Amino acid sequence: MNGLTLKEVVLSEDDFQYISDIVYKHCGINLHTGKKELVRARLAKILRQGNFNNFQEYMRYVLEDKTGREFSVLIDSLSTNLTSFFREKQHFDFLKDNFLPALIERKKKDRNFRIRAWSAGCSSGEEVYSIAITLLEALSGQGQWDVKILGTDISTRMLDTARKGYYDEERVSSFLLQQRNKYLLSKRGNGRKVFEASKALRDIVVFRHLNLMEDWPIKGPLDFIFCRNVMIYFDKSTQQFLIDRYWDMLDSGAVLFTGHSESLTGIKHRFKYVQPTIYKKT
Ligand SMILES: C[S@@+](CC[C@H](N)C(=O)[O-])C[C@H]1O[C@@H](n2cnc3c(N)ncnc32)[C@H](O)[C@@H]1O
């Protein structure tokens, strides 16, 4: 790396294949040829910071780290963690106006006050807290409910942020003011205004590290799953593998939400199409 600018660092085809195979096997992320420049650019920075001479030396270092921390850094640098509060608002509208009122009525009749939801690939937590707010609003004033929303991700760095539950002012701009005041506490942190998830939210969310390619130690059945903007990074066979497993985790009548560009076209499944990116287990 000595003397080279980041732009001049070359990633050979063999090194690219080697890295993409390892990443695919570990977490399903499909680094196809079109991603080569992204891989080169992102890893070149890490090579420079860590004073590695080449990609092989860096990958040896990653694989020799038995704590898995370096692997996590590698995956973090290659995946995108983009998220926001109430992203893809139509899903939260569907929960609020359609799905939750019916679910709550049905559960009340059955005297089953348990509601379980999962945000698979939750990144820094905004999705989980948005679900929590939507649920608390739907259940307002009805104390007997046992509600848990599980947020999982492969990135320990993102999970740390999610657990802290602190967000900058510009990140909470999509909130209705009344909801923001009700569910977030405004504070000053490092000289700037931050918003912190309230106890009411924290009481019903839980964050765990989970690689979607591995076992899912999750107690079902679940009432709904958000797996949004995650499967887009996987190939069809990995998507098929996940969709089959989501089906098994869900209760009958439960719903799966996918991201705006993730339809189930080309995947064999038994879900009933409700509206774009919303699928029901019947
Ligand atoms: C673009 S974010 C989506 C966040 C959120 N679901 C949303 O739509 O706003 C994708 C997340 O998937 C996570 N991810 C990627 N591969 C994963 C895997 N194999 N297991 C668990 N999480 C994974 C990434 O770490 C990242 O945080």
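Both ligands and their constituent atoms are indexed starting at 1 by order of listing. In this text the structure is predicted, and so the values were computed from the model without any measurement.
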Checklist entry - Is the His26 ring parallel, tilted or perpendicular to the Phe71 ring (thresholds 30°, 60°)? => result tilted
Checklist entry - Parallel under 30°, tilted from 30 to 60°, perpendicular over 60°: which one fits the rings of Tyr61 and Phe52? => result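 Tilted.
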Roughly how far apart are [X] [atom1] and [Y] [atom2], rounded to 0.5 Å?
X      : Y      : atom1 : atom2 : value
Leu95  : Phe226 : CG    : CZ    : 4.5 Å
Arg245 : Gln240 : CZ    : CD    : 13.0 Å
Phe55  : Ile19  : CZ    : CD1   : 6.0 Å

Around [atom], find the nearest protein heavy atom and jot down its residue, atom name and distance.
atom                    : value
atom 9 (O) of ligand 1  : Thr83 OG1, 2.6 Å
atom 2 (S) of ligand 1  : Thr80 O, 3.4 Å
atom 15 (C) of ligand 1 : Ile29 CD1, 4.1 Å
atom 20 (N) of ligand 1 : Leu212 N, 2.9 Å
atom 7 (C) of ligand 1  : Arg87 NH1, 3.2 Å
atom 23 (C) of ligand 1 : Ile154 CG2, 3.5 Å
atom 19 (N) of ligand 1 : Cys27 O, 2.9 Å
atom 27 (O) of ligand 1 : Asp153 OD2, 2.7 Å

Item to check | Lys/Arg N to Asp/Glu carboxylate O, Asp93 vs Lys89, below 4.0 Å | outcome: yes
Checklist entry - For ligand 1, which atoms have a heavy atom of Asn211 less than 4.0 angstrom away? => result 18 (C), 19 (N), 20 (N)
Checklist entry - Near Leu82, which atoms of ligand 1 are under 4.0 Å from a heavy atom of that residue? => result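 By the 4.0 Å cutoff, the relevant atoms are 1 (C), 2 (S), 3 (C), 4 (C), 9 (O).
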Checklist entry - Mind checking whether Phe226 has a heavy atom under 4.0 Å from ligand 1? => result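 Phe226 does not count as a contact of ligand 1 under the 4.0 Å cut-off.
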Option with minimal heavy-atom separation from [atom], where the choices are [options]:
atom                    : options                        : value
atom 21 (C) of ligand 1 : Leu210, Asn81, Asp76           : Leu210
atom 16 (N) of ligand 1 : Tyr233, Phe85, Phe234          : Phe234
atom 5 (C) of ligand 1  : Gly259, Gly121, Cys122, Ser123 : Gly121

Check whether [X] reaches the backbone of [Y] with its side chain - one donor and one acceptor, N or O, closer than 3.5 Å.
X      : Y      : value
Glu196 : Gly165 : no
Gln239 : Met231 : yes
Asp65  : Glu70  : yes

Item to check | Polar contact flag for Arg228 and ligand 1 (N/O pairs, less than 3.5 Å) | outcome: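 Yes, at least one N or O pair falls under 3.5 Å.
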Checklist entry - Heavy atom under 4.0 Å from ligand 1: found in Asn229's side chain, backbone, both, or neither? => result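 Under 4.0 Å from ligand 1, Asn229 contributes backbone and side-chain atoms.
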Identify every side-chain donor-acceptor pair in residues 128-135 under 3.5 Å, counting partners at least two apart or on other chains, and give the distances.
{"residue": "Tyr129", "atom": "OH", "partner": "Ala162", "partner atom": "O", "Å": "2.7"}
{"residue": "Ser130", "atom": "OG", "partner": "Phe86", "partner atom": "N", "Å": "3.0"}
{"residue": "Ser130", "atom": "OG", "partner": "Glu126", "partner atom": "O", "Å": "2.6"}
{"residue": "Thr134", "atom": "OG1", "partner": "Ser130", "partner atom": "O", "Å": "2.7"}

